[in-house]
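A short worksheet on the structure shown next.
Throughout, protein chains are lettered first and strands after them, A, B, ... in sequence-line order, and every chain is numbered starting at 1. Any value given below was found using the heavy atoms of this structure, including those in side chains, with hydrogens, waters and symmetry copies removed.
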There are 2 protein chains.
Amino acid sequence: MNATPVPPRAVLSEPAQDRVFAALANGTRREVLCLLRDGGPQPVQRLAEHFAMSRPSLSEHLKVLRQAGLVSEQRAGRQRIYRLEAAPLGEVQDWLGPYERFWRAKLASLGELLDRLPDDPDAPDDEAQ
Amino acid sequence: MNATPVPPRAVLSEPAQDRVFAALANGTRREVLCLLRDGGPQPVQRLAEHFAMSRPSLSEHLKVLRQAGLVSEQRAGRQRIYRLEAAPLGEVQDWLGPYERFWRAKLASLGELLDRLPDDPDAPDDEAQ
DNA sequence: TTGACGCGTAGGGAATCTCCTACGTATCGT
DNA sequence: ACGATACGTAGGAGATTCCCTACGCGTCAA
């Protein structure tokens with residue numbers, strides 16, 4: 001099922017990678033991406049309905065997403081339609097590639113381990129600091 | 001070869017996701033992960049050889065990675081051996097899943113487009129319509 | 001024991017983030 | 001023209017990041 005002939009992908013510069021990961025390091029912004037993914041391109045107004053924060057604050061989040069290349073905007077009358085731009089996420093995927101075998105290995109042994117335990121000591125939630 | 005029987009994966013809480021992405025939003029920390037991936041578990045000293053910054057600063061970065069669950073430490077004499085813990089990266093992969101079809105679609109049409117263009121005008125990425 | 005080594009933490013300074021309210025700008029309806 | 005709407009930006013407060021130097025603590029070697 002891997003038949004897609006993935007075209008060569010421009011590698012993000014280091015600061016660009018920083019911006020993408022930093023943009024993703026915020027629940028509000030991840031939620032925006034999710035809304036655009038599931039709801040298609042939307043004006044700010046409609047996105048804002050889903051959040052408790054002020055609309056200008058949401059605008060700032062959109063700016064961060066724009067600078068990371070994760071969304072694009074298109075003006076339509078007095079609205080600005082935001083659209084998901086998933087290419088940088090593809091680069092994140094590429095970046096993850098070389099690590100994949102590690103978590104697969106870990107999950108395999110962990111899976112066996114869990115199969116042997118009687119119950120599941122649900123996540124100790126290691127909250128330090 | 002998709003025979004791996006992937007065990008159920010605990011979903012990271014929102015703040016935990018924040019910590020993982022934030023930890024990845026720094027070139028030094030991504031480089032540390034790469035060193036641990038390619039060089040196996042290593043003491044801080046050996047990691048520090050690759051960076052220009054002070055060793056205490058590197059220690060801080062290791063702390064961030066630890067709090068994100070991306071590395072673990074094991075004491076050995078007066079050394080502390082750091083090891084890659086890739087499980088959170090697996091959760092990042094899971095998070096990416098629902099977006100995959102978007103960048104695949106985009107890359108398909110973009111690939112065709114790029115094949116036609118002479119060079120890459122590091123776009124402000126506004127699409128006319 | 002004494003001293004060197006390996007590493008973490010304390011504390012501080014500059015920059016950045018995340019939220020707010022106030023305001024500016026462009027567009028739409030009347 | 002006018003006010004209402006949709007959105008961005010300015011500016012500021014408080015928290016956090018990222019680097020530094022100084023120092024504390026445990027371990028090894030002599």
Round to a whole Å and report the spacing from [atom1] of [X] to [atom2] of [N].
X: A/H61; N: D/dT9; atom1: NE2; atom2: P; value: 15 Å
X: A/E14; N: D/dC18; atom1: CD; atom2: C1'; value: 15 Å
X: B/D18; N: D/dT17; atom1: CG; atom2: P; value: 11 Å

Which value, rounded to the nearest 0.5 Å, describes the distance between B/L89 atom CG and B/L33 atom CG?
6.5 Å

So salt bridge (charged side-chain N to carboxylate O under 4.0 Å, His left out) across residues 18-32 of chain A, not counting sequence neighbours, yields A/D18-B/R30, A/R30-B/E14, A/R30-B/D18

According to salt bridge (charged side-chain N to carboxylate O under 4.0 Å, His left out), does anything in residues 37-57 of chain A pair up with another residue at least two apart or in another chain? List the pairs.
none

Which residues pass the side-chain hydrogen bond (donor to acceptor under 3.5 Å, both in side chains) test with [X], sequence neighbours left out?
X: A/E100; result: A/R104
X: A/Y82; result: A/R66, A/E73
X: B/S57; result: B/S54

Just grab all the ring-ring contact (aromatic ring centres under 6.0 Å, His included) pairs involving residues 13-38 of chain B, residues at least two apart or on different chains.
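Passing the test, one end in residues 13-38 of chain B: B/F21-B/W95.
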
Do any pairs count as a ring-ring contact (aromatic ring centres under 6.0 Å, His included) and have a residue in residues 26-52 of chain A, sequence neighbours left out, and if so which ones?
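Every candidate ring-ring contact (aromatic ring centres under 6.0 Å, His included) pair involving residues 26-52 of chain A fails, so no pair, neighbours aside, qualifies.
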
Under 4.5 Å between any side-chain heavy atoms of B/L62 and B/L47, yes or no?
yes

Are any of the side-chain heavy atoms of B/H61 and B/V32 separated by less than 4.5 Å?
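Result no, sub-4.5 Å side-chain heavy-atom pair not found.
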
Under 4.0 Å between a side-chain N or O of A/Y82 and OP1 or OP2 of D/dA6?
no

At less than 4.0 Å, is any side-chain N or O atom of B/N26 found next to OP1 or OP2 of D/dC18? Yes or no.
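True: B/N26 side-chain N/O within range (under 4.0 Å) of D/dC18 OP1/OP2.
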
Chain A contact limits on DNA chain C, taken 5' to 3' with a cut-off of 4.0 angstrom to heavy atoms
C/dT18 to C/dC28

With 3.5 Å as the limit, what N/O pairs link the protein to nucleotides 26-28 of chain D?
unit_1: D/dT27; atom_1: O2; unit_2: B/R78; atom_2: NH1; d: 3.4

By a strict heavy-atom criterion of less than 4.0 Å, which residues belonging to residues 30-57 of chain A are in contact with DNA chain D?
A/P43, A/V44, A/Q45, A/R55, A/P56

Taking B/L35's backbone N and O only, do any of them form a donor-acceptor pair with B/Q42's side chain (distance below 3.5 Å, no angle check)?
yes

